[in-house]
Amino acid sequence: LPVVAFLASYACAFCAYAAPLHLFVSPNGNDTWSGTRAGKRLLSKTDGPFRTLERARDAIRELKATGAFPSDGVVVELTPGVHRRTNVFELMAEDSGTDAPIIYRAQRRGTATISGGETITTWQSVSDPTIVDRLDSKAGANVVCAEIPGTLLEEIPGFANGGCGYRGKREFPLALFQEERRLPVARWPNNTYTNMGECLGNSWERGHVGVCYSDGIFRFEDERLKRWVDEPDLWFDGLWFHAWADQKMRLKAIDLQEKTISLLDPKSHHFGYKHGRPFYAFNAISEIDRPGEWVVDRTTRRLYLWPQAKPETAPVTLASCDGLVIGTGISSIRFEGLVFEACRERALVFKNTTGVTVSGCTLRHLGSTAIEFDGGTDGTVFGCDFHDLGEGGVIARGGVYESLTPGNHVIENNHIHHFGLIVNTYRPAAAIYGVGNTIRHNLVYQAQHQALFFKGNDHLLEYNIVHDVCLNTN
């Protein structure tokens with residue numbers, strides 16, 4: 001039988017027992033198979049799991065087109081293993097559930113991982129003498145390098161991805177992971193900040209907050225400045241004026257005679273610059289001085305890494321995919337028990353949706369916000385674990401100001417920690433906008449800035465436990 005005919009007959013059989021149709025997706029599956037078994041049937045050429053989420057989605061579309069969609073809905077079960085993504089999984093209005101939902105879930109909770117990462121296997125010793133000379137004596141022969149293929153990323157992003165007061169184009173930087181740990185970009189100082197010296201250039205008084213400088217030029221009278229000359233792609237991260245507004249800035253020039261640092265595109269930071277504010281340097285080859293630290297040279301497309309373990313036995317993963325799931329105009333869809341990891345931008349985005357639920361999932365090792373509801377109603381994030389997030393945990397926008405119609409989005413009973421790792425300020429664990437949304441019964445901790453955020457009318461925040469936030473900002 002053709003796959004669609006097989007599914008239709010299979011669905012009819014299930015209808016008699018008032019149970020949802022189960023489809024299966026496996027990393028070892030095949031999109032030409034039936035999708036109705038978790039494993040391949042012996043001696044069968046077609047009876048086994050699908051390979052991709054797209055094939056399962058399309059099979060459901062086929063059921064709807066032939067009038068064979070089960071009255072009790074469909075469950076798409078992902079078998080244990082890593083389901084790698086090279087693009088975002090897209091769901092449209094036609095992929096919605098009915099009175100019975102469509103559920104995408106792990107066959108066993110926490111065993112199916114949807115990953116936007118790729119393993120880098122081409123590591124080799126550093127042979128370029130200029131790089132060898134630049135390396136710290138502690139790093140030496142420990143550092144390896146690999147080229148990022150153009151097939152993986154056409155353009156390698158920088159680090160200018162925002163923060164409070166950022167006015168430039170957002171970039172979503174690379175991230176490396178090894179042994180389920182985010183590897184730090186090489187920086188100085190390693191675990192703290194240093195301070196700007198005297199600011200130079202145009203300035204004006206800003207009342208009680210003091211003198212503001214706009215040119216992004218400041219003195220830094222430290223011998224370390226010599227090490228940073230000719231670094232291929234040096235960046236700085238700082239709280240340049242306010243203690244609640246961070247931003248990553250690329251180096252424009254170093255003047256050793258004047259002992260000054262000039263930042264590229266200084267007006268992209270809305271608040272300007274102030275004497276004595278904290279900052280640190282990063283993405284410097286000369287500052288690789290600990291296992292796990294790495295640098296990217298975007299011009300040569302090369303990664304330089306002091307691995308924390310041998311890459312041959314502990315593979316290094318590069319987060320390369322933009323996002324993982326986007327749903328537009330969908331309704332009655334659930335995601336249950338899945339692990340989402342290793343993408344550079346927002347992981348799960350739902351635009352103008354109704355009745356979408358994410359429950360019992362783990363969202364980790366992400367470059368930006370984990371889940372975002374942009375409009376719509378009745379979105380729910382329940383019982384999920386979030387950690388190692390480049391930005392915030394959950395953003396929910398919903399409700400109508402003019403009529404005070406509630407959005408009814410709910411963020412409840414989640415464990416959210418170690419977030420805001422790339423953009424440090426105004427990237428809370430949970431944020432609600434609009435009218436009539438809820439944040440409750442969440443455990444939130446370990447962040448440089450705020451835990452919860454709300455804006456609008458008739459919201460409810462209750463019974464959340466918050467500790468160890470605002471660690472490096474105010």
Side-chain angles (χ1 to χ4, degrees), residues 1-27 29-41 44 46-79 83 85 87-107 112 114 323-338 340 348-359 361 371 373-380 408:
L1 284 174
V3 171
V4 65
F6 183 87
L7 286 173
S9 62
Y10 198 75
C12 288
F14 266 91
C15 288
Y17 295 97
L21 169 66
H22 284 245
L23 299 176
F24 298 89
V25 176
S26 168
N30 189 312
D31 281 348
T32 65
W33 293 347
S34 66
T36 56
R37 290 180 58 86
K40 190 168 186 303
R41 188 193 297 272
S44 171
T46 61
D47 201 5
F50 293 138
R51 172 67 181 83
T52 66
L53 287 167
E54 282 81 359
R55 184 64 190 93
R57 176 200 65 194
D58 292 347
I60 297 170
R61 290 178 178 178
E62 292 164 4
L63 288 171
K64 290 182 175 182
T66 58
F69 186 82
S71 61
D72 291 289
V74 178
V75 175
V76 178
E77 293 200 358
L78 280 70
T79 65
H83 299 251
R85 303 291 312 173
N87 62 319
V88 180
F89 176 50
E90 296 188 45
L91 294 168
M92 307 299 289
E94 62 186 302
D95 302 309
S96 298
T98 56
D99 291 337
I102 295 172
I103 302 173
Y104 293 85
R105 75 182 184 198
Q107 194 173 26
I114 297 177
L324 299 176
V325 177
I326 183 167
T328 304
I330 60 175
S331 60
S332 300
I333 289 183
R334 300 178 189 169
F335 299 86
E336 299 177 352
L338 297 163
F340 297 93
L348 278 62
V349 179
F350 304 109
K351 298 181 178 181
N352 299 316
T353 59
T354 303
V356 171
T357 297
V358 181
S359 64
C361 292
I371 302 175
F373 286 96
D374 188 3
T377 63
D378 300 293
T380 300
N408 293 324

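Counting from 1, the numbers follow the sequence of the chain as shown. Because the structure is a prediction, the values reported are computed rather than measured. Because only heavy atoms are used, hydrogens play no part in the values below, and waters and symmetry mates are left out as well, while side chains stay in.
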Can you name the closest pair of heavy atoms from Ser96 and Ser331 and give their distance? OG-N, 2.9 Å

Give the minimum heavy-atom separation between Pro49 and Ala38, together with the two atoms involved. CG-O, 3.4 Å

Interatomic distance, Phe335 atom CZ to Thr357 atom OG1 [nearest 0.5 angstrom]: 10.0 Å

Judged by atom type as modelled, is there a donor-acceptor pair below 3.5 Å linking the side chain of Arg51 to the main-chain atoms of Pro27? yes

Donor on one side chain, acceptor on other, Thr36 and Ser34, under 3.5 Å: yes

Please report the shortest heavy-atom distance between Gly97 and Ile333, naming the atom on each side. N-CG1, 4.2 Å

Going through the distances and angles, do Leu63 and Leu21 end up as a side chain to side chain contact (heavy atoms under 4.5 Å, CB included)? CA-CA 11 Å; Leu63 288 171; Leu21 169 66; 3.4 Å; yes

Taking every non-hydrogen atom, the tightest pair across Ile102 and Lys64: CD1-NZ, 4.4 Å

Separation of Leu91 CG from Phe350 CZ (nearest 0.5 Å): 8.0 Å

Side chain Ser332, main chain Thr98, donor-acceptor under 3.5 Å: yes

For Gly375 and Asn352, the nearest pair of non-hydrogen atoms, with its separation, is CA-OD1, 3.9 Å

Among residues at least two apart in sequence or on other chains, which ones pass side-chain hydrogen bond (donor to acceptor under 3.5 Å, both in side chains) with Glu94? none

Qualifying residues under salt bridge (Lys or Arg N to Asp or Glu O under 4.0 Å), relative to Asp374, sequence neighbours excluded: none

Considering all heavy atoms of both residues, which atom of Pro20 and which atom of Asp72 are nearest to each other, and what is their separation? CB-O, 3.3 Å

With rounding to the nearest 0.5 Å, note down the distance linking CD1 in Ile60 to OH in Tyr104. 4.0 Å

Side-chain heavy atoms of Leu53 within contact of Val325, under 4.5 Å: no

For Glu54, the salt bridge (Lys or Arg N to Asp or Glu O under 4.0 Å) test, sequence neighbours excluded, returns Arg85

Euclidean distance, Leu338 CG relative to Leu324 CG, rounded to 0.5 Å: 11.0 Å

Taking the side chain from Asp31 and the backbone from Thr52, do they hold a donor-acceptor pair closer than 3.5 Å? yes

Atom pair CZ (Phe50) and CG (Asp58), whose distance is rounded to the nearest 0.5 Å: 9.0 Å

When rounded to the nearest 0.5 Å, the distance separating CD1 of Ile114 from CZ of Phe89 is 8.0 Å

Is any side-chain heavy atom of Gln107 closer than 4.5 Å to one of Phe24? yes

The test is side chain to side chain contact (heavy atoms under 4.5 Å, CB included); show your working for His83 and Val25 and say whether it passes. CA-CA 9 Å; His83 299 251; Val25 176; 4.0 Å; yes

